[in-house]
Amino acid sequence: LHIQTHKLYDSPYDRGMDIRRGFLFLSFRGNAPLFRGIMTHARDRQVFDAGSVGGGWRIMTVRAMFHICMELWGIFICLICAGGIFIATPRKTKRTRIKILMQIACMLLLGADALSWYFHADAGETAYYMIRISNFSVFCINYIFMSFFATYVWLTVSKHQHRKPAALHTVYALSVIGILLLIITQFTGLFYYFDDHNLYHRGNFYLLSQAIAVLGIALCLFMLISYRKNLERITFFSMMSFFVLPVLATIYQALAYGFSLQCLAIVISTQIMFVMDTVEMNMRFYSQQAAYEKARYEAEHDGMTGLLNKKAGWKHMRKYFDRMDSHDEAMLMFVDIDDFKIINDTYGHTVGDFWIREVASQLRHIYRQDDIICRYGGDEFIVLIRNTASEQVLETTLGMFFQQLTRASEQRGQDVHCSVGVCRVAAIRISGNRDTSRNTDGENGEDTRGGVDFGQCVKQADLALYETKRFNKGTFNVYNYDRS
């Protein structure tokens, strides 16, 4: 352990100031690398610095290490976000491209600032150029990012308006002016300069560089507020959140020295804004999907009963019948409320609507989810019982339906009953010694007999209903479909 102290004047501003710099060297045996730290105390104020010592090893301060580590993590996060935006949006709009450019600008900004900290106070030839390039890049990228952000704000609030506002053009002009003054700074020290020890110092017009950035941010805020009515609430607040950290960091950095809070604030605010923007986009996507599903449901379902409407029910039933072969079975039923006109005339249309909903509810309760139930129109319903033609199943289910309907009508003191017509489609029974070579598909040998004509089945169920209503209301009648 070796500690050495001596007096050193870092810059013309430090003359007359007694600065004691302490070097702390920690050496390890073998081939382990050398770790060294450096710290300067000036008038009870800690100022971390970095320099070079013999052997080519670089002295790294705690503050420099903190900035470099934070900024490297920031670059990694920006890279992930940029890749996520690129992959998640197959259709690259102008807004998407600007979002990716903003992430790239954040990565370059953090990289340039990390380099400035790495070469801070190094008097070597490489450091001489790198410290100037990195500081120039930090200022320049800030102004470019300001233009990107203004464009992003405009693309978000404009709603495809073609005429750009004066505020946007003013931000572009401020960016150009800032970059031109930055170029002049390299020769005049307008915003900043470097002393003989390669240490960064603010110039007499440093606050002008910050004023340009603050004015650009203010104009972006003005655009956002002016077009607030074009934005969803969450989008507005996500973009408003961007202004908080950079403004606070700019004010702090204009008054204090030593931490690169402005770069970190810009990057953090950008990620927060994009995360909230992504959340809003997902919410909008799911909202649109829900609206689509709702519209689709309403297009296929009856508004009063919640059953499939005639068109949708017809489509599903026809699809089932088209796929039937000789082994499949089904029963198609027409259900009709008897004397429905008299019910409406006697008790009113409200009571009539109640019984339409009640019959639909009873049918839905009795039959399976795999069965298809639809409101055919008015007081009439169609039910397709799939995969069975059992007379016992038919009698049991219809017996339950009639019983529950009778109980409901007695509770209300109203005489309401239904008639049912059924077309029963049974499977074809084929004997083992019967020649079926004429009735098979030549390619795969499947039995192709027994196809069912859906239209004919509907006619038979309707005839069965007509017969029931004519001779014995409140019961059911069955026709057997001939598949020979």
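- Judged purely by distance below 3.5 Å, without hydrogens or angles, the side chains of Asn387 and Tyr320 pair a donor atom with an acceptor atom.
- Ser116 contributes a side-chain N or O that, together with a main-chain N or O of Asp113, makes up a donor-acceptor pair within less than 3.5 Å.
- Contact of the His417 side chain with the Ile337 side chain is not registered, since no non-hydrogen atoms from C-beta on lie closer than 4.5 Å.
- Both the sub-6.0 Å distance and the 45° axial angle are not jointly satisfied by Arg323 relative to the ring of Phe321.
- Side chain of Gln186 to main chain of Leu182: a donor-acceptor pair is present (N/O by atom type, distance under 3.5 Å, no hydrogens or angles).
- Note on ring orientation: taking the six-membered ring where Trp is involved, the planes of His301 and Tyr297 are parallel (angle under 30°, cut-offs 30° and 60°).
- There is a side-chain donor-acceptor pair under 3.5 Å between Thr93 and Thr96.
- Between the side chains of Gln362 and Glu358, at least one donor N or O lies within less than 3.5 Å of an accepting N or O.
- Between the Asn309 side chain and the Ala299 main chain, a donor and an acceptor come within less than 3.5 Å of each other.
- Within the 3.5 Å criterion, the main-chain N or O of Ala312 finds no donor-acceptor partner in the side chain of Glu300.
- Listed for the Ser269 side chain is no donor-acceptor partner under 3.5 Å among the backbone atoms of Ile266.
- The distance from atom CD1 of Ile85 to atom CD1 of Ile98, rounded to the nearest 0.5 Å, is 11.5 Å.
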Go through the steps to decide whether Thr406 and Glu410 satisfy the test side chain to side chain contact (heavy atoms under 4.5 Å, CB included), and finish with yes or no. CA-CA 6 Å; Thr406 301; Glu410 289 176 351; 3.6 Å; yes
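- For the atom pair SG (Cys263) and CE (Met70), the distance works out to 12.5 Å, reported to the nearest 0.5 Å.
- Using modelled atom types, no side-chain atom of Thr346 and backbone atom of Ile343 make a donor-acceptor pair closer than 3.5 Å.
- Taking the six-membered ring for Trp and thresholds of 30 and 60 degrees, Phe194 and Tyr200 have ring planes more than 60 degrees apart, a perpendicular arrangement.
- With a 6.0 Å cutoff to the six-membered ring centre and a 45° limit on the axis angle, Arg228 counts as a cation-pi contact of Phe236.
- In the displayed structure, Glu125 atom CD is contacted under 6.0 Å by at most 12 heavy atoms of other residues, nucleotides or ligands.
- The neighbour count for Phe402 CZ, taken as heavy atoms of other residues, nucleotides or ligands under 6.0 Å away, is above 12.
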Is there a side chain to side chain donor-acceptor pair (under 3.5 Å) between Tyr172 and Thr151 once you walk through the steps? CA-CA 9 Å; Tyr172 292 157; Thr151 305; 2.7 Å; yes
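- Geometrically, Lys99 does not engage Tyr152 in a cation-pi contact, judged by NZ or CZ lying under 6.0 Å from the ring centre and within 45° of the ring axis.
- Counting non-hydrogen atoms of neighbouring residues, nucleotides and ligands closer than 6.0 angstrom, the CD atom of Gln369 reaches no more than 12 such neighbours.
- Just one residue in the list Asp336, Asp379, Asp339 forms a salt bridge (charged side-chain N to carboxylate O under 4.0 Å, His left out) with Lys469, and that residue is Asp336.
- For the side chain to side chain contact (heavy atoms under 4.5 Å, CB included) criterion with Ile373, the lone passing option out of Leu384, Leu363, Ile382, Ile366 is Leu363.
- In summary, of the residues considered (Leu264, Thr270, Ile144, Val138), a side chain to side chain contact (heavy atoms under 4.5 Å, CB included) with Leu109 occurs for Val138 alone.
- Under a 4.0 Å N-O distance rule, the pair Lys459/Asp462 does not qualify as a salt bridge.
- Using cut-offs of 30° and 60° for the angle between ring planes, the Tyr227 and Trp154 rings count as perpendicular.
- Surrounding CZ of Phe222 are at most 12 heavy atoms belonging to other residues, nucleotides or ligands under 6.0 Å away.
- Interatomic distance, Phe145 CZ to Cys140 SG, rounded to the nearest 0.5 Å: 14.0 Å.
- Counting only heavy atoms from C-beta outward, the side chains of Leu174 and Tyr143 never approach each other to under 4.5 Å.
- Between Phe242 and Phe149, the angle of the ring planes stays under 30°, which puts this pair in the parallel group of the 30/60° scheme.
- Sorted by first then second residue, the ring-ring contact (aromatic ring centres under 6.0 Å, His included) pairs that include residues 346-373, not counting sequence neighbours, number zero.
- Side chain of Asn230 to main chain of Val157: a donor-acceptor pair is present (N/O by atom type, distance under 3.5 Å, no hydrogens or angles).
- For the 3.5 Å distance criterion, the side chains of Tyr193 and Thr188 fail to qualify, holding no donor opposite an acceptor.
- With salt bridges taken as basic N to acidic carboxylate O contacts below 4.0 Å, one links Lys341 and Asp345.
- Between the side chain of Asp353 and the backbone N or O of Thr350, no donor-acceptor pair lies under 3.5 Å.
- Checking side-chain atoms of Arg368 against main-chain N and O of Arg386 turns up a donor-acceptor pair under 3.5 Å.
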Between Phe334 and Tyr376, is a ring-ring contact (aromatic ring centres under 6.0 Å, His included) present by the stated rule, with each step listed? CA-CA 9 Å; Phe334 270 84; Tyr376 188 70; 5.5 Å; yes
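- Between the side chain of Arg364 and the backbone N or O of Thr305 there is at least one donor-acceptor pair closer than 3.5 Å.
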